[in-house]
Amino acid sequence: MERKVRVRFAPSPTGPLHIGGVRTALFNYLYARRMGGEMVLRIEDTDSKRFVPGAEDYICEALDWLGIHFDEGVKQGGPHGPYRQSERRDIYRRYVKQLLDDGKAYIAFDTPEELEAARQATPNFQYDAATRVNMRNSITLGDEETQRLVDAGETYVVRFKIEPDRDVEVNDLLRGKVVINSNILDDKVLYKSADDLPTYHLANIVDDHLMEITHVIRGEEWLPSAPLHVLLYEAFGWADTRPDFVHLPLLLKPDGKGKLSKRDGDRLGFPVFPLDWHDPKTGELSKGYREAGYLPEAVVNFLALLGWNPGDDTEIMSMDELISRFGFDRCSRSGAKFDYEKGKWFNHKYLQELSDSQLADLFKPVLADAGVDIGRFSDDYIAKAVGMVKGRINFVKDLLSQAGFFFTAPDSYAPKDIKKRWSEDTPRIMGELIEVLRGLPSWKSADAEPVVLGWITDNGYHMGNVMNAFRLAVVGECKGPHMFDITELMGPDETISRIERAIERIKPGE
RNA sequence: GGCGAUUUAGUGUAGAGGCCUAGCACGCCGCCCUCUCACGGCGGAAACUCGGGUUCGAAUCCCGAAUUCGCUACCA
């Protein structure tokens, strides 16, 4: 019987969700939707030492912002709950007991110090079939003594009894059959009595089974422990419903070596988190894509193409298009260096698809923050200003430097441009320009342009110098959209007053 | 060190024996457009890790080496 596809995203709430984690969540989501399946969000908070308050809410908010929605999980509940591992203690205890009763696991009392000593004594110490007979555990101590110690309240762990010298096969949908000999596996700790919590490995297998997960899609860092998981499914007698594995390639640093980390973002100046994160302990702020000005669609599109491609040259794809085309047959197996420049380009493309008024709405708060009284400008004015410069922006905030002059007259002028375009007799020519402008029958760009250009050529003036001085006076520097489009929008009063202002304030360059 | 994975331009990738004088995109450079800066259009530089095979023919198949990454915790 074909089981309904069910996948899960299972982050650990130890801090803000990393962008690599976001991609893992995205691939899970795309696959689930593609297959008409379901996706659950499970919180793996089995490490009480690393738990960070707020991290869970952050994860939910971030994925929600990106449009990655869950069918079941910690926020929406569901028939397989609870979805927080710390609330499933009784379940894990039951399965730990089952393993113990079946002789598939044993209790060990070795203290961290004793383990450390063992590692010191033996170069490549590994707690396994060969060494467990020399340690303090239920195998060497016997059932009676073990029970006595447990009853006496001694802290212990439960270790998985790995059967030596077995070739364990992991069938990975991306990498094919990976075979690992069980001799290199150690007797992993499954449960710690100290905090009455399982470790990742046990909780993961139990939950995936109970939650009827069909596909475990996770980062490549889990590949080495996949054989252990396979063995665990066997030990529980769940081999027939064991999920398929997909180990996704990692996101790497743009330069140098290794996994992309928070430090790289700080060092290279880009976010590695979806949302801003204020660390509750250090008070430190980590920048997020949302606050940096990214559209969630752009982030999703960008991330989807890191390690996957649709098979043709299509690059801009909505979530629905990604879903309809996604598959592991087109995933790459090697790590992808994170290319922030390409990410900016995606945002640029998505910004271009917004209408002028949509962009204007996004721009208004930025303008207001910059101290502009936006009440003085009509929505139509803002939208038109935005429309003229949108082609040159990667972020909404870029609008400030590109279109700011539409809202505030320049209070300084680019020295470079003064030097090049503002000479001794420029003020006189600008004075003439004002008269020409005043005599204009129409301020429409198409009407005004031939008149002004005609005046320039008729007087034998230098086209570039006059027009750029004009631009310098109005914009503050020699950049921006077509000059007469600017003046049409700004209107005669503002335009002429800016020229007068410039004549007063600019000292000619040498 | 051990184990596993990985390997096409600076980056992300296409390519599944002849269609490859290796395609696309970002980035970079140049030209055009032009009152400026951009956008856009056009063009350019830039890659099959190496060594052996197999084959009439290999980026594509086989073997070996190297590379890079990951794992090697009472973290996930």
Side-chain angles (χ1 to χ4, degrees), chain A residues 10-14 21 44-47 49-50 108 110-112 115-116 119 123-124 126-127 155-159 170 172 174-175 178-181 183-186 188-195 197-201 203-204 218-227 247 249-250 252 254-255 257-259 302 305-316 330 332-346 348 352 388-393 402 414 417 420-421 449 452-453 456 462-472 475 477-484:
Chain A
S12 184
T14 53
E44 308 220 331
D45 52 350
T46 54
D47 184 357
K49 294 180 197 71
R50 293 205 306 156
D110 315 276
T111 62
L115 289 170
E116 187 48 38
R119 280 189 265 265
N124 281 317
Q126 178 172 283
Y127 209 122
T155 65
Y156 63 92
V157 297
V158 174
R159 286 182 180 271
V170 177
D172 184 288
L174 221 80
R175 298 159 202 278
V178 178
V179 180
I180 293 173
N181 191 282
N183 283 345
I184 66 138
L185 265 23
D186 63 341
K188 272 277 175 292
V189 170
L190 262 22
Y191 169 88
K192 328 153 243 177
S193 74
D195 49 10
L197 241 20
T199 60
Y200 169 84
H201 304 287
N204 190 264
R218 70 225 307 191
E220 192 184 354
E221 71 266 31
W222 292 108
L223 189 52
S225 52
H247 290 97
L250 267 17
L252 274 19
D255 58 353
K257 313 162 185 308
K259 275 202 285 191
F302 171 47
L305 257 29
L306 246 28
W308 174 82
N309 73 82
D312 58 26
D313 294 335
T314 313
E315 294 208 274
I316 302 297
R330 299 217 60 89
S332 97
R333 278 137 296 154
S334 53
K337 284 188 179 169
F338 192 78
D339 183 6
Y340 187 64
E341 289 303 318
K342 186 91 181 217
K344 290 205 292 204
W345 176 79
F346 274 104
H348 169 83
Q352 303 316 306
M388 276 186 232
V389 301
K390 68 193 256 190
R392 57 191 78 198
I393 62 162
Q402 296 300 328
D417 295 326
K420 188 171 180 196
R421 304 293 192 181
E449 180 168 357
V452 175
L453 262 34
I456 294 172
H462 185 278
M463 182 66 75
N465 286 347
V466 176
M467 286 305 295
N468 278 297
F470 184 13
R471 180 177 290 280
L472 184 58
V475 176
E477 54 187 313
C478 292
K479 70 166 200 185
H482 192 69
M483 201 53 219
F484 295 96

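Just the heavy atoms: all of them, side chains too, but no hydrogens, waters or symmetry mates, feed the values below.
Ring pair A/F338/A/F302: centre-to-centre distance below 6.0 Å.
At the phosphate of B/C71, OP1 or OP2 sits under 4.0 Å from a side-chain N or O atom of A/K259.
Among the nucleotides B/C74, B/C35, B/C37, the one closest to any side-chain atom of A/V189 is B/C74. Comparing B/U13, B/A76, B/C35 against the side chain of A/T199 picks out B/A76 as the nearest. In the set B/C35, B/C75, B/C74, the nucleotide with an atom closest to the side chain of A/M483 is B/C35. Taking every side-chain heavy atom of A/K342 into account, B/A25 is the closest of B/A25, B/U13, B/C75.
Heavy atoms of A/T314 sit nowhere under 4.0 angstrom from any nucleic acid atom. Residue A/G258 is classed as a sugar-phosphate contact, given heavy-atom separations below 4.0 Å to backbone atoms only. Base contact: A/L115 has a heavy atom under 4.0 Å from a base atom.
A donor and an acceptor atom sit less than 3.5 Å apart, one in the side chain of A/R471 and one in the base of B/C35.
At whole-Å resolution of the value, CD in A/E221 and P in B/A73 are 16 Å apart.
With both ends at atom P, the span from B/C26 to B/G44 equals 16 Å, rounded to whole Å.
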